[in-house]
Enquirer: 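Please read through the structure below; I'll follow up with questions.
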Amino acid sequence: MKALTEFTPENKSKIEEAIAKAETYTSGEIRVHIEDKCKEDVLDRAAFIFDNLQMEQTKERNGVLFYLAFVDHQLAILGDGGINAKVPENFWEEIKDDLVSNFKKKQYTEGLIHGIEKAGHQLAKYFPHHGDDDVDELDNEVTFGDV
Ligand code: CA
Ligand code: CA
């Protein structure tokens, strides 16, 4: 898989650390899935992955998936229904634009880290962290491949 030339174990860990950090200020649960190619509509594909990772299993329905098809240059940020019900329609646009401009500079890992941080801060306004009661509802692991 070509994406693994960029997303080395070290970079994968850095992204997972960014997710863990973002989830200290929001109860929203962030995941990242990366593959090389996206053979269908990118939003359909992201929805399939979201399902496959069982990301709807959060109490507040506030899971967010960053989906990237590395070779095909396709990107989607997909939030669950609990988020869509609360946030403005263009909620992900700025983060997406930032990601695209970072990816154009080939800053894939840095771009994702930045986007995750920003998503955490934005989500915190609507879904603040629950302090000691907060649970890590979805694994922070970055997943790869054609599932
Ligand atoms: Ca949590
Ligand atoms: Ca998590």
Side-chain angles (χ1 to χ4, degrees), residues 1-38 40 42-70 72 74-103 107-147:
M1 202 170 98
K2 276 220 170 78
L4 294 178
T5 58
E6 164 64 26
F7 299 103
T8 58
E10 196 193 341
N11 284 345
K12 178 176 179 273
S13 298
K14 282 186 195 166
I15 296 167
E16 288 163 356
E17 279 164 28
I19 295 171
K21 193 177 161 206
E23 290 183 7
T24 63
Y25 33 82
T26 179
S27 63
E29 292 284 334
I30 299 166
R31 293 207 65 153
V32 176
H33 185 86
I34 299 161
E35 61 188 342
D36 279 347
K37 290 175 182 281
C38 178
E40 57 189 304
V42 67
L43 277 176
D44 288 347
R45 181 64 182 160
F48 176 84
I49 300 287
F50 193 99
D51 237 40
N52 207 274
L53 291 169
Q54 299 185 301
M55 286 184 62
E56 76 291 345
Q57 290 184 10
T58 57
K59 202 170 148 200
E60 296 174 271
R61 297 297 299 260
N62 56 2
V64 184
L65 174 66
F66 284 70
Y67 168 82
L68 170 65
F70 184 71
D72 284 350
Q74 296 280 329
L75 168 73
I77 305 173
L78 187 66
D80 205 350
I83 298 173
N84 297 337
K86 285 192 175 186
V87 307
E89 205 159 319
N90 61 355
F91 191 68
W92 301 116
E93 282 309 305
E94 202 185 317
I95 294 176
K96 212 180 145 186
D97 291 346
D98 283 356
L99 280 172
V100 169
S101 72
N102 279 315
F103 289 174
Q107 292 174 346
Y108 297 99
T109 301
E110 300 83 348
L112 277 171
I113 289 170
H114 180 74
I116 289 161
E117 272 173 15
K118 204 159 178 173
H121 284 298
Q122 283 189 201
L123 283 168
K125 292 175 209 155
Y126 301 91
F127 299 98
H129 189 257
H130 297 308
D132 289 345
D133 294 331
D134 202 277
V135 177
D136 185 19
E137 294 173 291
L138 301 177
D139 204 304
N140 300 341
E141 189 185 2
V142 176
T143 49
F144 293 97
D146 187 4
V147 295

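Just so you know, ligand 1 is whichever comes first in the structure, and atom 1 is the first atom listed for that ligand. Being a predicted model, the structure only gives us computed values, none of them experimental.
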Enquirer: Could you go through Lys21 and Glu17, starting from their C-alpha distance and side-chain angles, then the distance that decides it, and tell me whether this counts as salt bridge (Lys or Arg N to Asp or Glu O under 4.0 Å)?
Expert: CA-CA 6 Å; Lys21 193 177 161 206; Glu17 279 164 28; over 6 Å; no
Enquirer: Between Glu137 and Glu29, what is the shortest heavy-atom contact and its length?
Expert: N-OE2, 3.1 Å
Enquirer: Taking both backbone and side chain into account, is any N, O or S atom of Val135 nearer than 3.0 Å to the Ca ion (ligand 1)?
Expert: yes
Enquirer: Taking Lys14 first and then Glu110, would you say they form a salt bridge - that is, a charged N and a carboxylate O separated by under 4.0 Å?
Expert: no
Enquirer: Would you check if the Ca ion (ligand 2) lies under 3.0 Å from any N, O or S atom of Ala20?
Expert: no
Enquirer: Which N, O or S atom name in Glu29 marks its closest approach to the Ca ion (ligand 2)?
Expert: OE1
Enquirer: Checking only N/O/S atoms, does Asp136 have one that is under 3.0 Å from the Ca ion (ligand 2)?
Expert: yes
Enquirer: Return the minimal non-hydrogen interatomic distance between Phe127 and Gly82, and the atom names on each side.
Expert: CZ-O, 3.3 Å
Enquirer: Of all N, O or S atoms in Asp134, which has the smallest distance to the Ca ion (ligand 1)?
Expert: OD1
Enquirer: Under 3.0 Å from the Ca ion (ligand 1), is there an N/O/S atom belonging to Glu23?
Expert: no
Enquirer: Determine, stepwise, if the pair Met55 / Asp80 fulfils side chain to side chain contact (heavy atoms under 4.5 Å, CB included).
Expert: CA-CA 8 Å; Met55 286 184 62; Asp80 205 350; over 6 Å; no
